[in-house]
Amino acid sequence: MSRVYNFSAGPSCLPEEVLKECAAEMLDYNGTGQSVMEMSHRSKAYKPIIEHAESQVRALMRVPQNYKVLFLQGGGSTQFAMVAQNLGIHTGKAAYINTGVWAKKAVSEAKHLGVQVEVVASSEDKNFSYIPHVQNIAGDYDYAYICFNNTIMGTHYEYIPETGSIPLVADISSCVLSEELDVSKFGLLFAGAQKNLAPAGVTLVIIREDLLTDSPRAGTPTMSTYKIHAENESMYNTPPCYTIYVLGKVLDWIEKNGGVAGIHERNVQKAALLYDYLDASDYYHATAQVGSRSLMNVPFLTKETDPEKAKAINDKFVKEAAGAGLVNLAGHRLVGGMRASIYNAMPIEGVKALIAFMEQFAKQNA
Ligand SMILES: *Cc1c(COP(=O)(O)O)cnc(C)c1O
C-alpha cells in the first residue's frame, strides 16, 4: 500500500495512526460486536465516545467553564446563518471584517437574514492578501465577526481585535487546534471538522453561555437554535456519531503529540520551511503578505505572469506533483497558482518532499 501526501484544503489528510485505529475497530468496537457506525447515539456504548470528545476539546483548548461545547451539523456554512440568527437579536446590527470568500459569505448570510451588517474593515483592495489591522471595534453591535484563518487567501490574524463587551465571533474552521487560542476572548468560535479535526460532518461550536437565547430572530428553526442543542448536549437529534468518534481519536493524537503547544511548534517549523523557500526563490513567491501569513494554507505563484502561460505551467506543476505522490496542489481560482494546505496532520516529511519537488520543477521550467 502506498499513501500520498495530500495537500488538499479540505477534506484533508488525517493522522495515519487514527485511520489505522478506526480500521482496527471497524467491525467490533471495544467488544460490543458492532461498528461505531451502527450504534444508537443513545446507547451505553456510544455515550462515553461523545463525552470523551467533549472533554478532550475542553482540555486541549482550555475552554472555560462558562462555555458550552456543541457538536452540530451543516458545516461552517450553516454557522454563517446561526450566528446571525442567535446573536443578532438586540440592536440587529453586527460588525464584520471582510478578509475574503468565507467572510463575505458570512456577511451575505447575515444580510439575507435581516441583520444590519457594517463591514468595518476589508482587504479587498489587495485581493485579500493581508489581514487589516483593527485594534478596536466599538459601537452598538450585537456581535463582531472575523474569519481567523482564510483558507483560500492563505491569511491569518496575528492579533485578536479588542471588542470590549461586544461578543467576538470567529470562524476557526481551518486553524482550530493549530495554535493556542484564548477562548475567553471570544463569545463564539466555530469550526467545520474537515480541515483540522475529523472527516466532514461535524461542526464544533464553542459558545459562551450568556449568548444562548430562547428568542433568536423570528423564523429561526429549532434546529438552528444553539440553546436547544446546548440543553440537549448535542443530542437534540441524531449527531454525526462516527465523525465525533474519529474527532475523539484526532484529539487524543494531538494530546500525544505535545498538545496544542506541541502541534503549534511543529506547524511553525513546517510553515517556516515552505515560506523561507518561497521567499528565497526567484521562481516562486507566496501571495500572502508577511505579518498575515497562515500556518495552514500556503498559496504560491510562479514568476510566469502571462495568464495563458501561467495556467499551462500551473497545470503542469499540479500534474507532475501528483505523479510524485504530492496531491491536491491546485490553487483556488481567485488566487491562481498553487496552494499547499499543511494542516496539523501533514507530517514535516510531506513539506520537505514538496520543497524538493518544487526545486526540481523550477530547475526544469525556469
Ligand atoms: C471550509 C471553510 C468553511 C465552510 O465549511 P463547510 O463545512 O464546507 O460549510 C467556512 N469557513 C472556512 C474558514 C473554511 O475554511
Side-chain angles (χ1 to χ4, degrees), residues 6-14 70-85 96-110 112-113 122-124 128-132 143-158 160 168-179 181 186 188-207 223-224 229 234 239-240 242-244 246-247 250 267 271 287-288 292-299 328 330-335 339-346:
N6 178 6
F7 294 91
S8 169
S12 45
C13 56
L14 287 163
L70 307 177
F71 300 120
L72 307 183
Q73 300 192 59
S77 302
T78 297
Q79 293 309 305
F80 302 157
M82 283 179 72
V83 163
Q85 287 170 313
Y96 281 70
I97 299 181
N98 180 13
T99 50
V101 174
W102 297 115
K104 273 194 193 173
K105 285 195 171 175
V107 165
S108 68
E109 196 71 347
H112 173 67
L113 291 160
S122 166
S123 50
E124 194 151 19
F128 302 110
S129 59
Y130 70 104
I131 298 289
Y143 63 93
Y145 183 103
I146 58 176
C147 180
F148 211 56
N149 185 78
N150 295 273
T151 323
I152 291 171
M153 308 302 170
T155 59
H156 177 263
Y157 281 75
E158 293 198 347
I160 299 173
L168 180 61
V169 175
D171 176 356
I172 55 168
S173 292
S174 51
C175 60
V176 57
L177 290 161
S178 67
E179 63 192 333
L181 194 61
F186 299 87
L188 189 152
L189 292 162
F190 70 84
Q194 67 274 23
K195 278 88 187 221
N196 242 346
L197 294 175
V202 68
T203 309
L204 172 68
V205 173
I206 302 174
I207 179 171
M223 272 295 286
S224 296
H229 292 288
S234 303
Y242 192 78
T243 313
I244 292 169
V246 182
L247 169 61
V250 171
N267 288 336
T287 58
S292 297
R293 286 176 167 180
S294 170
L295 294 179
M296 300 282 97
N297 312 99
V298 185
N328 291 320
H332 191 279
R333 74 190 151 77
L334 293 176
V335 184
R339 172 176 49 169
S341 292
I342 49 173
Y343 295 115
N344 290 348
M346 172 61 66

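As the structure lists them, so they are numbered: ligands from 1, and atoms in each ligand from 1.
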Q) Under the 3.5 angstrom rule, does the side chain of R339 hit a backbone N or O of T151 as a donor-acceptor pair? A) yes

Q: Can you sort out the partners of F128 under ring pair (Phe, Tyr, Trp, His ring centres under 6.0 Å), two or more places apart, ordered by chain and number?
A: none

Q.
For F148 and F190, I'd like to know if the aromatic rings sit close, meaning centre-to-centre distance below 6.0 Å.
A. no

Q. Does T203 reach the main-chain N or O of G75 with its side chain, forming a donor-acceptor pair under 3.5 Å?
A. yes

Q: For ligand 1, list the protein residues that place a heavy atom within a distance below 4.0 Å of one of its atoms, sorted by chain and number.
A: G75, G76, S77, F80, W102, C147, N149, T151, D171, S173, S174, Q194, K195

(Q) Would Y96 and Y143 count as a ring-ring contact (aromatic ring centres under 6.0 Å, His included) here? Give the steps. (A) CA-CA 9 Å; Y96 281 70; Y143 63 93; 5.8 Å; yes

Q: Return yes if some donor-acceptor pair links the side-chain N/O of N149 with the main-chain N/O of H156 below 3.5 Å, else return no.
A: no

